[in-house]
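Predicted model only: the values in this text are computed from it and were never measured. Heavy atoms only: backbone and side chains are in, while hydrogens, waters and symmetry mates are out. Every chain is numbered from 1, with letters handed out A, B, ... down the list of sequences.
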Number of protein chains: 2
Amino acid sequence: MAFEEEQKIFDSFVREKGLKHSAQRIDILLTFLKTEKHLTADELHTLVKKKNPAIGIATVYRTLKLLCESGLSSELRLGDGSVRYEHFYGHEHHDHLVCIKCGNFTEVLDTEIEKLQERLARKEGFTLQGHKLLMYGVCKKCKG
Amino acid sequence: MAFEEEQKIFDSFVREKGLKHSAQRIDILLTFLKTEKHLTADELHTLVKKKNPAIGIATVYRTLKLLCESGLSSELRLGDGSVRYEHFYGHEHHDHLVCIKCGNFTEVLDTEIEKLQERLARKEGFTLQGHKLLMYGVCKKCKG
DNA sequence: TTGATTATGATAGTGATTATCAAATTCAAA
DNA sequence: TTTGAATTTGATAATCACTATCATAATCAA
Ligand SMILES: [Mn+2]
Ligand SMILES: [Mn+2]
Ligand SMILES: [Zn+2]
Ligand SMILES: [Zn+2]
């Protein structure tokens with residue numbers, strides 16, 4: 001429950017970039033790691049303030065950018081305009097199956113689909129670097 | 001003048017919604033239909049002003065919303081935050097292969113991928129309604 | 001301990017989109 | 001054809017998520 005590995009990664013990143021240490025960043029990092037949800041910057045700010053009420057939203061945005069650069073987090077945009085952040089380190093690549101009724105979503109992976117994407121890109125002369133697949137539908141519960 | 005079919009669809013939509021007819025909406029509709037590009041609201045506004053310089057950006061946004069509701073257009077969000085609009089009526093479903101260097105993109109379709117998405121969703125208990133697949137890579141030109 | 005450098009939080013600014021509103025336009029009814 | 005209630009418009013204000021600015025505070029190598 002200490003996230004030593006992630007903290008080490010963040011420390012190295014900060015050092016290599018010639019940045020300095022700060023308690024705020026650690027608070028934000030640990031709060032982010034503690035939840036497995038896909039949070040917005042604002043939601044994370046609300047959570048972090050429980051531990052350190054003085055932290056400003058600007059610092060949350062700044063730290064989230066660092067977390068993405070260091071490979072600990074990644075941006076996620078589900079259909080609507082909102083930007084969310086999910087864990088990246090130690091999490092396999094996955095896509096999202098979103099329920100259009102209740103908004104819940106499931107993380108999925110289909111290696112065949114991944115392979116076919118590679119093939120498709122190659123056929124078009126592209127060197128594939130990544131992809132985002134969002135699938136929209138109605139979940140089991142909402143069909144009841 | 002072309003696009004009779006699209007104009008008919010728009011007219012029916014406007015009538016059914018109890019809205020009124022306006023010259024501005026027609027200017028916006030025809031300008032949108034005339035280009036096959038994926039435009040932002042602002043880009044469309046710039047184009048429409050060549051025909052009718054008095055048209056305001058608010059009316060472009062309002063009309064774009066109507067075009068989407070009537071099934072003539074659909075929103076497109078490529079990775080970054082920008083919102084673009086593409087033709088929807090008479091256009092087959094397709095996905096996008098985006099070049100991370102030059103920003104150009106290709107429209108693609110792989111029926112196998114589409115089928116596998118169905119299968120994946122079913123396996124998770126979802127009834128699939130749609131999806132968005134964005135693939136990022138480096139295009140032929142940019143690899144030169 | 002020092003002091004150059006970086007980090008912070010408050011706040012101003014930005015860009016895209018939406019809301020507001022008075023004036024103009026549409027269109028069904030007279 | 002005229003009328004007038006309802007809708008539409010363009011200008012502009014407001015909003016929202018995010019970034020830039022800046023004075024002050026914290027960090028850390030020397
Ligand atoms: Mn996820
Ligand atoms: Mn397209
Ligand atoms: Zn659901
Ligand atoms: Zn390219």
| query | What about A:Y61 and A:H45, are their ring centers closer than 6.0 Å? | reply | no
| query | NE2 of A:H45 versus C1' of D:dC18: gap in Å, rounded? | reply | 14 Å
| query | For B:Y61 and C:dT18, is the shortest distance between a side-chain N/O and OP1 or OP2 below 4.0 Å? | reply | no
| query | What is the nucleic acid contact for A:R62, judged by heavy atoms within less than 4.0 Å: base, sugar-phosphate only, or nothing? | reply | base
| message | With a 4.0 Å cutoff (strictly under), does any side-chain N or O of A:H21 reach OP1 or OP2 of D:dC28? | response | yes
| query | What nucleic acid atoms does B:A23 come within less than 4.0 Å of, heavy atoms only: base, sugar-phosphate, or nothing? | reply | nothing
| task | Examine D:dG10: is either OP1 or OP2 under 4.0 Å from a nitrogen or oxygen in the side chain of B:T59? Give yes or no. | result | yes
| field | B:V14 vs B:I57, nearer the 5' end of DNA chain D by closest nucleotide | value | B:V14
| field | Whole-Å gap separating C1' (C:dT17) and CZ (B:R77) | value | 11 Å
| task | Please round to the nearest 0.5 Å and tell me the distance separating atom CG of B:L29 and atom CG of B:L72. | result | 6.5 Å
| query | B:K17 NZ to D:dA6 C1': how many Å, rounded? | reply | 16 Å
| query | Looking at A:Q24, does any N or O in its side chain come under 4.0 Å of the phosphate oxygens OP1/OP2 on C:dG9? | reply | yes
| query | Is any side-chain N of the basic residue among A:E124 and A:R119 closer than 4.0 Å to the acidic one's carboxylate O? | reply | no
| note | A:I55 CD1 to C:dA7 C1', in whole Å, measures 12 Å
| said: Check this for me: does any side-chain nitrogen of one of A:E86 and A:K37 sit under 4.0 Å from a carboxylate oxygen of the other? | reply: no
| field | Donor-acceptor pair (no angle test) under 3.5 Å: A:K20 side chain, D:dT27 base | value | yes
| said: Measure CG/A:L44 against P/D:dA17 and give the value in whole Å, please. | reply: 15 Å
| query | Base, sugar-phosphate, or nothing for A:G18, non-hydrogen atoms under 4.0 angstrom? | reply | sugar-phosphate
| Whole-Å gap separating C1' (C:dA7) and CG (A:L64) | 17 Å
| query | Quick one: is B:R25 getting a side-chain N or O under 4.0 Å of the D:dT9 phosphate, OP1 or OP2? | reply | yes
| message | What is the distance, to the nearest angstrom, from the CG atom on B:D27 to the C1' atom on D:dT9? | response | 13 Å
| Can you check whether A:S22 has a side-chain N or O nearer than 4.0 Å to OP1 or OP2 of C:dT8? | yes
| request: Heavy atoms only: give me the nearest A:A121-A:L128 pair and the separation to one decimal. | output: CB-CD1, 3.9 Å
| request: Write down the distance between CG (A:D80) and P (C:dT18), rounded to a whole number of angstrom. | output: 13 Å
